[in-house]
Amino acid sequence: MAYYFDSVSHTFNEYLLVPGYSSAECIPANVSLKTPLVKFKKGEEPDISLNIPMVSAIMQSVSGEKLAVALAKEGGVSFIYGSQSIEDEAAMVARAKNFKAGFVISASNLKPTDTLADVIALKEENGFSTIAVTDDGTANGKLLGIVTSRDYRVSRMDTSTKVSEFMTPFDKLIYTYDDVTLKEANNIIWDNKLNALPVIDKNQNLKSIVFRKDYDLHKANPLELLDADKRYVVGAGINTRDYEERIPALINAGADVLCIDSSEGFSEWQARTLKFAREKYGDKIKIGAGNVVDSEGFNFLADAGADFIKVGIGGGSICITRETKGIGRGQATALIDVCKARDEYYKKHGVYIPVCSDGGIVHDHHMTLALAMGADFLMLGRYFARFDESPTNKLMINGSYVKEYWGEGSNRARNWQRYDLGGDKKLSFEEGVDSYVPYAGTLKDNVNISLAKVRSTMCNCGALNIPELQQKAKLTLVSATSIIEGGAHDVITKESGNIHK
């Protein structure tokens with residue numbers, strides 16, 4: 001006879017937070033959303049922490065390099081999708097890592113014998129307006145000059161004009177040497193009103209460039225998540241098939257943290273993947289695993305060496321795993337159970353393994369509920385798919401702008417590795433749908449609004465950080481009638497003219 005759980009499986013929408021005492025210091029400006037991303041021992045600090053409890057889903061329609069940069073600016077991490085070739089994913093990670101750094105390896109380089117046509121083509125290809133001119137056209141060749149948009153006018157110049165004729169030559173450049181600190185480099189930029197400062201070695205070979213915009217970006221994004229080299233923290237997805245080749249490529253590309261992308265993580269395949277990572281890299285590599293929905297699954301992945309563990313099966317808005325296979329668990333119930341197992345594991349072993357709630361977030365207040373129930377951070381797909389920075393097309397459908405959004409288990413993605421059970425290398429049936437989501441604008445604007453709600457609700461609960469919220473939160477189940485009562489009702493709203501009863 002099958003095992004039966006005692007409790008009903010609940011979703012976030014069936015819970016409300018009951019307010020607690022709020023002191024005068026409980027204002028949103030005082031709330032910290034910093035949270036651990038990877039495991040750590042008692043008395044120590046995690047190697048990587050998030051400044052906001054948000055990471056983006058490992059999906060083709062969500063996590064590309066553009067979103068990785070935008071989310072890192074706000075303090076979160078994007079996990080670039082792994083359902084692409086190893087080379088393409090590694091290149092995407094590398095581009096995101098190189099987007100911002102204190103010392104940037106030049107991404108646009110030409111030789112003095114190249115032409116204005118080459119300058120125009122290079123700018124159209126990568127969007128960068130600062131081009132280094134080196135003797136061999138490489139990023140580390142002997143620096144001979146710099147070309148910026150101020151050095152030429154397309155409408156007044158022949159496109160066959162050689163770069164050497166209009167570049168700013170080396171003897172007129174302000175530059176510095178490779179023993180300079182970032183602070184010193186920024187001071188040179190400000191003192192000389194520069195947009196870019198080349199950094200060279202004693203042989204005049206270009207080593208890197210420091211940009212004014214990087215300093216400005218830092219001031220505009222105080223929560224940005226950076227590594228030790230002042231580059232954005234970037235994550236990447238892997239699978240349980242080609243991990244022996246994919247993991248090294250992603251690490252070499254600069255990925256800070258990896259995550260096994262799978263619909264169900266309580267498997268030997270994930271244990272094998274984690275074993276390979278630990279034997280090859282030890283604890284230097286940071287790798288999350290999942291997804292699980294109960295304490296057994298958590299303990300299995302914890303013992304296998306996961307740095308964080310994802311919770312959730314079938315709760316995503318484009319996921320139909322529960323419909324097609326009849327497996328899963330209500331996200332709220334699953335999260336509460338797994339977080340209890342995490343706390344017990346910490347007491348027993350002295351190792352805290354963060355829990356990521358993946359799926360089931362429909363409204364902004366669900367984020368606060370998930371954190372109160374024990375989640376350390378949230379993985380979001382539909383939420384981020386709506387923004388300018390997601391890699392999908394923006395379309396006009398029935399008079400409204402939408403963005404495309406499809407599941408990894410859909411026929412469009414055909415990510416068979418995510419659902420792999422060791423059989424044929426194919427997707428036998430769909431576990432996700434192809435859809436649209438309402439276009440919502442920029443990531444920055446929406447994340448700021450959502451987290452303003454989270455901080456405000458935390459203050460209502462008397463909490464100034466996530467651990468305090470989990471300690472003080474009081475949760476209550478609500479009836480179907482209570483859910484209706486919670487929205488607008490018995491009025492005619494001005495915006496739509498619809499009657500809410």
Side-chain angles (χ1 to χ4, degrees), residues 33 35 37-38 48-84 89 92-93 95-97 99 221 223-225 232-238 250 255-263 286-288 290-291 308 310-312 315-319 354-362 364 366-367 370-371 375-392 403-408 413 415 418 432 437 439-451 454:
L33 294 177
T35 189
L37 176 63
V38 296
I48 307 175
S49 291
L50 299 164
N51 289 328
I52 62 171
M54 287 181 165
V55 302
S56 68
I58 311 168
M59 300 175 68
Q60 295 174 8
S61 55
V62 178
S63 296
E65 62 201 80
K66 191 174 180 182
L67 193 127
V69 170
L71 184 51
K73 286 181 183 177
E74 302 308 313
V77 168
S78 181
F79 284 89
I80 289 175
Y81 67 93
S83 51
Q84 57 181 320
E89 186 182 11
M92 199 174 278
V93 169
R95 288 194 294 270
K97 288 298 294 183
F99 180 86
N221 301 290
L223 293 178
E224 64 182 355
L225 198 61
Y232 287 129
V233 174
V234 177
I238 62 172
L250 295 174
D256 300 278
V257 57
L258 306 176
C259 184
I260 303 172
D261 182 27
S262 174
S263 64
K286 306 302 177 185
I287 178 169
N291 289 16
F308 65 85
K310 290 201 296 154
V311 176
S317 59
I318 41 70
C319 184
V355 166
C356 169
S357 180
D358 178 17
I361 301 290
V362 179
D364 286 347
H366 290 169
M367 297 180 187
L371 295 172
D376 295 282
F377 57 96
L378 320 170
M379 179 169 277
L380 305 162
R382 180 197 61 85
Y383 179 85
F384 288 117
R386 304 172 301 147
F387 304 150
D388 286 320
E389 295 85 357
S390 74
T392 63
K403 293 273 282 185
E404 294 180 294
Y405 180 46
W406 61 91
E408 290 295 293
N415 182 6
R418 188 176 197 276
V437 288
Y439 167 68
T442 67
L443 180 146
K444 183 179 184 66
D445 290 343
N446 283 276
V447 165
N448 286 341
I449 291 171
S450 296
L451 294 184
V454 172

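For reference, positions follow the sequence shown, starting with 1.
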Walk me through it: do Met92 and Gln84 pass the test side chain to side chain contact (heavy atoms under 4.5 Å, CB included)?
CA-CA 10 Å; Met92 199 174 278; Gln84 57 181 320; 3.8 Å; yes

Matching residue for Val77 among Val257, Asn51, Val234 - test: side chain to side chain contact (heavy atoms under 4.5 Å, CB included):
Val257

Do Arg386 and Phe384 form a cation-pi contact, if we require the NZ or CZ to be under 6.0 Å from the six-membered ring centre and within 45 degrees of the ring's axis?
no

Where do Thr35 and Phe377 come nearest, in terms of heavy atoms and distance?
CG2-CB, 4.2 Å

Hey, are the side chains of Met54 and Met379 touching, using non-hydrogen atoms and a 4.5 Å cut-off?
no

Side chain to side chain, Leu380 and Val55, heavy atoms closer than 4.5 Å:
no

Heavy atoms of Lys403 and Tyr439 approach each other most closely as CG-CD1, 4.0 Å

Take Leu50 and Val233, measure what side chain to side chain contact (heavy atoms under 4.5 Å, CB included) needs, and give me the verdict at the end.
CA-CA 10 Å; Leu50 299 164; Val233 174; over 6 Å; no

Is it true that a side-chain atom of Ser390 and a backbone atom of Phe387 form a donor plus acceptor pair closer than 3.5 Å?
yes

Can you confirm whether Phe308 sits close enough to Lys286 that some side-chain heavy atom of one is under 4.5 Å from a side-chain heavy atom of the other?
no

Taking atom types as modelled, find out whether Ser61 and Thr392 have a side-chain donor-acceptor pair closer than 3.5 angstrom.
no

If I compare all heavy atoms of Glu389 with all of Ala70, which pair ends up nearest, and what's the gap?
CG-CB, 3.6 Å

At what distance, to the nearest 0.5 angstrom, does OG of Ser78 lie from CG of Leu67?
5.0 Å

Please examine the side chains of Pro53 and Leu33, heavy atoms only from C-beta on, and report whether any two atoms are closer than 4.5 Å.
yes

Side chains of Asp256 and Tyr232: donor-acceptor distance under 3.5 Å anywhere?
no

Where the side chain of Ser357 meets the backbone of Leu378, is there a donor-acceptor pair that is under 3.5 Å apart?
no

With a 3.5 Å distance limit and no angle check, can you tell me whether Asn446 reaches the backbone of Thr442 through a side-chain donor-acceptor pair?
yes

Student check: side-chain heavy atoms of Asn291 and Val311 closer than 4.5 Å
no

Mind checking whether Leu225 and Ile52 have side chains closer than 4.5 Å, heavy atoms only?
no

Taking atom SG of Cys356 and atom CG of Asp376, what is their separation to the nearest 0.5 Å?
9.0 Å

Which atom of Asp261 lies closest to which atom of Ile58, heavy atoms considered
OD2-O, 3.6 Å

Pair Ser450-Tyr383, side chain to side chain donor-acceptor pair (under 3.5 Å): steps then yes or no:
CA-CA 10 Å; Ser450 296; Tyr383 179 85; 2.7 Å; yes

Looking at Val62 and Ser56, what are the two nearest heavy atoms and their distance?
CG1-CB, 4.1 Å

In plain terms, say whether Glu65 and Arg95 are close enough for a salt bridge, that is, a side-chain N and a carboxylate O under 4.0 Å apart.
yes

Name of the residue among Leu451, Leu443, Leu223 meeting side chain to side chain contact (heavy atoms under 4.5 Å, CB included) with Glu74:
Leu443

Is the side chain of Asp358 donor-acceptor paired with the backbone N or O of Lys310 at a distance under 3.5 Å, no angle test?
no

Quick check for you: to the nearest 0.5 Å, what is the distance between His366 atom NE2 and Leu371 atom CG?
13.0 Å

Locate the shortest heavy-atom distance separating Glu89 from Ile80; write the atom from each residue and the value.
OE2-O, 3.2 Å

